[in-house]
Protein chains: 2
Amino acid sequence: MDKTKVLKAIADETRLKMLTLLLRHNYCVRALANELELAEATISQHLKVLREAGLLAGEKRGHFMHYDVERSLLHELAGEIEALASIEREICRPEKRDDCPAADSKDCKKKGQCSDTVIEFCHGPKLHQDRPQGDCNRQEP
Amino acid sequence: MDKTKVLKAIADETRLKMLTLLLRHNYCVRALANELELAEATISQHLKVLREAGLLAGEKRGHFMHYDVERSLLHELAGEIEALASIEREICRPEKRDDCPAADSKDCKKKGQCSDTVIEFCHGPKLHQDRPQGDCNRQEP
DNA sequence: AGTTTAATTAGGTAGTTGCCTAATTAAATT
DNA sequence: AATTTAATTAGGCAACTACCTAATTAAACT
């Protein structure tokens with residue numbers, strides 16, 4: 001699943017309305033256009049966005065297109081957002097990371113204690129003149 | 001919660017990365033800019049989008065801004081998408097809707113049986129000449 | 001009070017999006 | 001075979017977005 005693509009697809013008022021309509025009933029393009037007061041071509045383009053995100057499976061039956069919403073993808077997306085929300089805060093432990101120039105977490109505690117190298121590691125290189133003075137804010141409060 | 005606003009906010013690769021970084025640690029703007037190889041101003045603007053969607057609570061501590069991710073809003077969003085996915089298909093019962101011109105669901109079953117009025121109700125008015133011939137596709141297969 | 005500096009805002013540009021009308025395609029009926 | 005018609009694609013336009021550099025703001029340290 002292309003998470004960003006799916007999110008972009010539903011991050012639009014019109015497409016969200018279309019989805020909720022299609023979850024309840026079949027609609028032909030003209031019925032959707034009528035319901036949402038938009039041109040048929042506009043609806044067709046929105047359907048394309050939803051289809052290419054994997055949210056709709058289309059099938060032609062008789063004269064009309066019948067679109068089915070891929071509920072499973074929506075469930076999957078909900079799961080991914082839930083997983084994101086469940087990411088836990090990590091305590092910064094310089095001694096556990098060999099790429100951190102601080103010897104241990106004590107080097108990271110109070111303002112003024114950080115060496116220039118540690119500060120540059122935590123805050124990135126200053127663009128202009130010299131290093132900033134300040135505490136490393138990558139750690140827990 | 002402004003659902004569309006929150007979705008738009010996270011429907012962006014860069015902002016999604018920023019969120020995952022901020023869920024684990026505090027970062028100052030320059031550290032984020034450094035990590036994501038973007039200008040500080042760009043990061044600041046992305047932070048604004050996330051903040052205005054309600055996803056970040058910012059607080060100035062010493063020299064640096066400390067942003068906290070509103071995990072509760074992410075949970076809420078996941079719930080809303082889950083709810084969307086759980087919308088059930090409804091069977092079209094014209095006799096239950098006084099705005100539907102079909103007498104009962106039999107009027108809606110087979111191709112050719114729909115009157116012009118019912119077709120117009122289901123598919124919307126045809127833009128040009130006359131009515132289409134065809135089955136109503138607003139009902140269950 | 002003056003200086004430093006993290007963060008934001010202003011201003012500008014290229015690329016994208018959402019809408020329209022008009023033209024085209026493809027399938028079903030006559 | 002010719003016609004009808006649902007849906008899509010093409011082309012065009014205004015509004016928005018993501019990025020940049022430069023200017024500004026506001027807070028903290030001399």
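Chain letters run A, B, ... following the sequence lines, proteins first, then strands; residues in each count from 1. Only this structure's heavy atoms are used, side chains among them; waters, hydrogens and symmetry mates stay out.
Rounded to whole angstrom, the span from the CD atom of A/Glu52 across to the P atom of C/dG18 amounts to 13 Å. Atom CG in B/Leu22 sits roughly 15 Å away from atom C1' in C/dA7 (whole-Å rounding). The distance from atom OH of B/Tyr27 to atom P of C/dA6 is 18 Å, rounded to the nearest whole Å. A/Asn26 places its CG atom 15 Å from the C1' atom of D/dA7, with the value rounded to the nearest Å. One atom, CZ of A/Arg30, and another, C1' of D/dA7, lie 11 Å apart when rounded to the nearest Å. B/Glu13 has its CD atom 16 Å from the C1' atom of C/dT16, to the nearest Å.
When side chains are defined from C-beta on, B/Leu19 counts as touching B/Leu56, because their heavy atoms get closer than 4.5 Å. A heavy-atom distance below 4.5 Å is found between the side chains of A/Glu90 and B/His25.
By the side-chain hydrogen bond (donor to acceptor under 3.5 Å, both in side chains) test, A/Glu82 pairs with B/His75, sequence neighbours left out. Residues passing the side-chain hydrogen bond (donor to acceptor under 3.5 Å, both in side chains) test with A/Lys3, sequence neighbours excluded: A/Glu80. For A/Arg71, there are no side-chain hydrogen bond (donor to acceptor under 3.5 Å, both in side chains) partners two or more places apart in sequence or in a different chain.
Partner B/His46 forms a side-chain contact (heavy atoms from CB on, under 4.5 Å) with one of B/Leu32, B/Val29, B/Leu36, B/Thr14 and no other, that one being B/Thr14.
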Encoded 5' to 3' (Watson-Crick or G-U under 3.5 Å; [ ] crossing; | other strand), DNA chain C becomes ||||||||||||||||||||||||||||||

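Residue pairs meeting the salt bridge (charged side-chain N to carboxylate O under 4.0 Å, His left out) criterion with at least one partner in residues 7-16 of chain A, sequence neighbours excluded, are absent.
Heavy atoms only, all atoms of each residue included: B/Leu47 and B/Tyr67 are closest at CD1-CE1, 3.6 Å.
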Per-nt protein contacts along nucleotides 8-21 of chain D (heavy atom under 4.0 Å; B base, S backbone sugar-phosphate only, - none) come out as BBB-------SBBB

